[in-house]
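All remarks here apply to the structure that follows.
A, B, ... follow the sequence lines: proteins, then strands. Residue 1 opens every chain.
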Amino acid sequence: MIEYGNTNADTVIVVDFETTGMSPDHGDRAIEVGAVKLEEGEVVDRFQCLMNPGIRINGFIEDFTGITNAMLKQAPPCEEVMDEFTDFIGDGNLVAHNASFDRRFLDAECCRISRNYKGDFACSMLTARRVYPDAPNHKLGTLVELNCLPNDGTFHRALADAEMTTHLWLGMLNDIRRGYRIESISFSLMQALSRVSKTAAPGFLSRWTGPPS
DNA sequence: TGCCAGGCCCTCTTTAGGGCCTT
């Protein structure tokens, strides 16, 4: 059994946002959220929804994501989607690739509707830098290809990216379990692993889990 | 008009700078 989390111990939400740009502090908004809910390491639910930010998106974002202004015009407003998504999160912990980015948008959109969430974030990118230090880079697409993870060729859409991040996350859990011959990995261990230095990571894991096989 | 972020890590560092990663 895989042990997760500090709040709801067995629930992890792998989340990905598509946005109008890089910074909510400069007026950027979320335009799509996708998420995969894991309980005890098994996918139990999914969430995907476009949302209308009330502003036009530029051509770069249209080309980058495939999400058009026409699509967003027909989408429900951000406030409605985020209210529903906050319910979906519940008190689970959260995982995202480069979590600092998704956390900023989640925080900003939740703030707009006066909602909050209890869970902690873990970053699959920072963790991957420790688990796969020799990867050519730690972009999501590279790690998916490197590990032959399931994908349908769709990138930069919220649910597709969340699905790939889910496979990456579970793959890293399994690689650590196999390498260190352990049965249980806590969410907090994965969080902490992403925060130790690259060279310290193996020793750090050994202290938590025993020596590698 | 042109430009615009933020958090984290690494190292030729720590009184800093540059690269990575996300849209």
Side-chain angles (χ1 to χ4, degrees), chain A residues 13-36 47-69 71-72 75 78 81-82 85 94-112 119-147 149 151 154-169 171-172 188-205:
Chain A
I13 314 296
V14 184
V15 62
D16 185 75
F17 281 99
E18 304 305 316
T19 70
T20 64
M22 304 304 286
S23 175
D25 292 339
H26 287 72
D28 288 319
R29 300 292 305 275
I31 58 174
E32 186 181 44
V33 59
V36 176
F47 187 102
Q48 181 180 34
C49 201
L50 289 169
M51 56 185 116
N52 186 344
I55 55 176
R56 291 185 62 80
I57 58 174
N58 62 39
F60 173 78
I61 296 296
E62 284 192 318
D63 292 341
F64 188 74
T65 63
I67 298 170
T68 66
N69 282 293
M71 292 162 68
L72 294 179
C78 292
V81 174
M82 290 307 301
F85 184 61
L94 297 117
V95 169
H97 201 69
N98 197 13
S100 65
F101 176 87
D102 294 280
R103 181 172 52 193
R104 283 202 308 277
F105 278 94
L106 178 60
D107 289 349
E109 295 295 343
C110 281
C111 183
R112 284 174 174 270
D120 290 328
F121 261 95
C123 179
S124 58
M125 182 192 75
L126 295 178
T127 308
R129 284 179 178 172
R130 304 295 172 258
V131 180
Y132 309 121
D134 297 326
N137 60 62
H138 298 86
K139 296 178 182 178
L140 180 59
T142 300
L143 294 167
V144 166
E145 183 178 3
L146 191 70
N147 291 294
L149 299 175
N151 72 91
T154 302
F155 289 89
H156 308 307
R157 287 300 299 268
L159 183 58
D161 284 3
E163 296 270 12
M164 288 185 285
T165 303
T166 300
H167 289 301
L168 173 64
W169 183 254
M172 289 192 293
S188 57
L189 184 148
M190 293 294 276
Q191 268 190 314
L193 175 60
S194 71
R195 292 171 182 161
V196 299
S197 71
K198 184 167 63 178
T199 53
F204 170 85
L205 269 171

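- A:Arg129 comes within 4.0 angstrom of a base, heavy atoms only.
- One interatomic measurement links the two molecules: CG of A:Leu94 to C1' of B:dT22, which rounds to 16 Å at whole-angstrom precision.
- Counting any heavy atom pair closer than 4.0 Å across all strands shown, A:Asp161 reaches sugar-phosphate atoms only and no base atom.
- Toward the 5' end of DNA chain B, the nearer of the two residues A:Asp25 and A:Lys139, judged by each one's closest nucleotide, is A:Asp25.
- Between A:His138 and B:dC21, a side-chain N or O to OP1/OP2 separation shorter than 4.0 Å is present.
- At whole-Å resolution of the value, CG in A:Leu140 and P in B:dC21 are 11 Å apart.
- For A:Ile61, the side-chain atoms get nearest to B:dT23 when compared with the rest of B:dC21, B:dT23, B:dG6.
- Counting non-hydrogen atoms under 4.0 angstrom, A:Asp102 reaches nothing in the nucleic acid.
- As rounded to the nearest Å, B:dG19 and B:dT13 have C1' atoms that lie 15 Å from one another.
- We find that CG of A:Asn98 is positioned 17 Å from P of B:dG19, with the value rounded to whole Å.
- B:dC8 and B:dT14 have their C1' atoms separated by 16 Å, with the value rounded to a whole Å.
- A gap of 23 Å separates the C1' atoms of B:dG18 and B:dG2, to the nearest Å.
- Among the protein residues, A:Ile31 comes within range of no part of the nucleic acid, since none of its heavy atoms lies under 4.0 Å from any strand.
- For A:Arg104, whose side chain is taken as the heavy atoms from C-beta onward, the closest listed nucleotide among B:dC20, B:dG6, B:dT23 is B:dG6.
- Atom pair A:Leu146:CG and B:dC21:P shows a separation of 13 Å (rounding to whole Å applied).
- Note: A:Phe85 CZ to A:Ile13 CD1 = 7.0 Å, rounded to the nearest 0.5 Å.
- The interatomic distance linking A:Phe101 (CZ) with B:dC20 (P) rounds to 18 Å, in whole Å.
- For A:Ser23 and A:Asn137, each mapped to the nucleotide of DNA chain B holding its nearest heavy atom, the one lying further toward the 5' end belongs to A:Ser23.
- Panel note: side chain A:His156, backbone A:Ile61; no donor-acceptor pair is recorded below 3.5 Å.
- With distances taken from any side-chain atom of A:Thr65 to the nucleotides B:dG7, B:dC8, B:dT23, the minimum falls on B:dT23.
- We find that NE2 of A:His156 is positioned 12 Å from C1' of B:dC21, with the value rounded to whole Å.
- Heavy atoms of A:Asp28 sit nowhere under 4.0 angstrom from any nucleic acid atom.
- Here the CZ-CZ distance, from A:Arg130 to A:Arg195, works out to 12.0 Å after rounding to the nearest 0.5 Å.
- Looking only at side-chain heavy atoms (C-beta outward), A:Tyr132 and A:Leu168 come within less than 4.5 Å of each other.
- Taking the C1' atom of each, B:dG17 and B:dC12 are spaced 11 Å apart, rounded to whole Å.
- Nucleotides B:dG6 and B:dT1 are separated by 25 Å at their P atoms, to the nearest Å.
- Contacts of A:Met22 with the nucleic acid, taken as non-hydrogen atoms under 4.0 Å apart, include base atoms.
- Once rounded to the nearest 0.5 Å, the distance linking CD1 of A:Ile31 with OG1 of A:Thr65 reads 4.5 Å.
- At whole-Å resolution of the value, CG in A:Leu126 and C1' in B:dC10 are 13 Å apart.
- When distances run from any side-chain atom of A:Phe60 to the nucleotides B:dC21, B:dG6, B:dT23, the shortest one goes to B:dT23.
- For the atom pair A:Arg157 CZ and A:Glu32 CD, the distance stands at 4.0 Å (nearest 0.5 Å).
- Classified by interplanar angle (parallel below 30°, tilted 30° to 60°, perpendicular above 60°), the ring pair A:Phe101/A:Phe105 is tilted.
- Among the protein residues, A:Phe17 comes within range of the sugar-phosphate backbone only, with heavy atoms under 4.0 Å from sugar or phosphate atoms but none that close to a base.
- Between A:His97 and B:dC21, a side-chain N or O to OP1/OP2 separation shorter than 4.0 Å is absent.
- Side-chain proximity of A:Thr19 to B:dT23, B:dC21, B:dC8: nearest is B:dT23.
- Atom CG of A:Asp107 is separated from atom C1' of B:dT22 by 15 Å (rounded to the nearest Å).
- As judged by a 4.0 angstrom heavy-atom cut-off over every strand, A:Thr20 is placed among residues making no nucleic acid contact.
- Between A:Arg130 and B:dC10, a side-chain N or O to OP1/OP2 separation shorter than 4.0 Å is present.
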